[in-house]
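What follows is a single structure, written as structure tokens, with notes after it.
For ligands, and for the atoms within them, numbers begin at 1 and follow the listed sequence.
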Amino acid sequence: MQTTLKIGTRGSPLALAQAHETQARLMAAHGMPVEAFEVVVISTSGDRIQDRPLAEAGGKGLFTKEIEEALLARRIDIAVHSSKDMPTVLPYGLELSAFLPREDARDAFVGKAAKTIAGLPHGAKVGSSSLRRQALIRRMRPDLDVVMFRGNVQTRLRKLDEGVAEGTILAYAGLKRLGLEDVTTELMPLDSFPPAPGQGAICIESRVGDLDVERMLTIIHDVPTGQALACERAFLAALDGSCRTPIAGHATISGETVFFGGLIISPDGAQSHEVKVEGPAQDAARIGDEAARTVRAKASEKFFDGWA
Ligand SMILES: NCc1[nH]cc(CCC(=O)O)c1CC(=O)O
């Protein structure tokens, strides 16, 4: 009997699109037939909790817990995730072993009452449940009414059509993977509206020491994306845990150099601290870690304590 590679994923349309993209890349890279794979859908706590912000319910790990349990129990061989949803610390025995070439990392504004955030009427409702997006919207337009918006991409777009809000912000990468990018009315600049660390990059998680899987993944791994992600995740890791501060960070690789921009911002958008650094791409993680120290030094301790 032929063994199949079991790909674990959440069941949302975006998660399935990402799992199928990974499968297609593996098939093309290794000349494997479609029957060599099985996509295993796993429901996570993050999918089931819909009524409150995830930061309140227990944080990011909620989207990965059950999938990681399946990996450790060998019910699946690899797990496909949005890097943005991955905690900085993984369970013992698991690692992020490959990153696919990154999609556009920018946020997309989908506006009903206006095409741009700047053009929205005074006091208009904008839906988002991301602390980072809420803070960045408030920084731009303190007059806007930011309302909770959860659920998958399609659910949020439906809420917009139903008039629950006059605009929302989604990852452009997610919209593209779903073929929905045409709903975008404004692409937010990386500088003034920086994305979440990891946004736009699909990662693959596997068991440490699973050599067959490692061999299979090497060929689809994108080195520059891996370096950018090492930088962004180091930045997040050095700031995370100690606070519930909205954090943004984005790294790009050009030749042998990594360029990183990071931001911490108060939830009301009134205070923010930025850092911009560059360094050797091979030291990407150290660069991200140093950037976190720099931005932390700029902010007073009060900045972090205010809303913990
Ligand atoms: N938290 C949900 C989530 N996780 C990753 C993406 C988008 C895809 C990506 O960043 O690669 C999204 C949806 C969104 O933010 O609009």
So if I count the atoms of ligand 1 from 1 in the order they appear, which ones are less than 4.0 Å from some heavy atom of [X]?
| X | result |
| --- | --- |
| Ala201 | 11 (O) |
| Gln199 | 10 (O) |
| Leu170 | 16 (O) |
| Leu14 | 6 (C), 7 (C), 8 (C) |

What residue and atom, counting heavy atoms only, is the protein's closest point to [atom], and at what distance?
| atom | value |
| --- | --- |
| atom 5 (C) of ligand 1 | Ser82 OG, 3.3 Å |
| atom 1 (N) of ligand 1 | Asp85 OD1, 3.2 Å |
| atom 16 (O) of ligand 1 | Ala171 N, 2.9 Å |
| atom 10 (O) of ligand 1 | Gly200 N, 2.9 Å |

Output yes when a side-chain donor or acceptor of [X] lies under 3.5 Å from a complementary backbone atom of [Y], and no otherwise.
| X | Y | value |
| --- | --- | --- |
| Thr168 | Gly127 | yes |
| Ser130 | Arg133 | yes |
| Glu166 | Lys112 | no |

Exercise. Just go through Lys176, Arg177, Lys84 and tell me whose heavy atom is the nearest to atom 8 (C) of ligand 1.
Key: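 Answer by nearest heavy atom: Arg177.
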Exercise. Could you tell me whether ligand 1 has any atom less than 4.0 Å away from a heavy atom of Ala105?
Key: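 Contact absent.
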Quiz prompt | Ser206 side chain reached by Glu214 side chain, heavy atoms, under 4.5 Å | solution =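 No, too far: nothing below the 4.5 Å cut-off.
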Quiz item: How about Ile7 and Ile76: do any of their side-chain heavy atoms sit closer than 4.5 Å?
Solution: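 They are not in side-chain contact.
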Exercise. Evaluate whether atom CD of Gln282 has more than 12 neighbouring non-hydrogen atoms of other residues, nucleotides or ligands under 6.0 angstrom away.
Key: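 Counting other residues, nucleotides and ligands, CD of Gln282 stays at 12 neighbours or fewer.
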Exercise. Answer with side chain, backbone, both or neither: which part of Ile202 has a heavy atom less than 4.0 angstrom from an atom of ligand 1?
Key: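 It is neither; nothing of Ile202 touches ligand 1.
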Quiz item: So which bit of Ser130 gets within less than 4.0 Å of ligand 1, heavy atoms only: side chain, backbone, both or neither?
Solution: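 It is neither; nothing of Ser130 touches ligand 1.
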Quiz prompt | Nitrogen or oxygen atoms of Arg133 and ligand 1 under 3.5 Å apart | solution =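 Right, the criterion is met.
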Self-check item: Thr9/Gln18 under side chain to side chain donor-acceptor pair (under 3.5 Å): CA gap, chis, key distance, verdict
Solution: CA-CA 8 Å; Thr9 173; Gln18 296 181 158; over 6 Å; no
Quiz item: Shared ILVMFWY cluster between Ile265 and Met140, side chains joined below 4.5 angstrom?
Solution: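 In one cluster with Ile265: Met140, yes.
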Self-check item: cation_pi(Lys159, Phe149) dist<6.0 Å, angle<=45
Solution: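 Yes, a cation-pi geometry.
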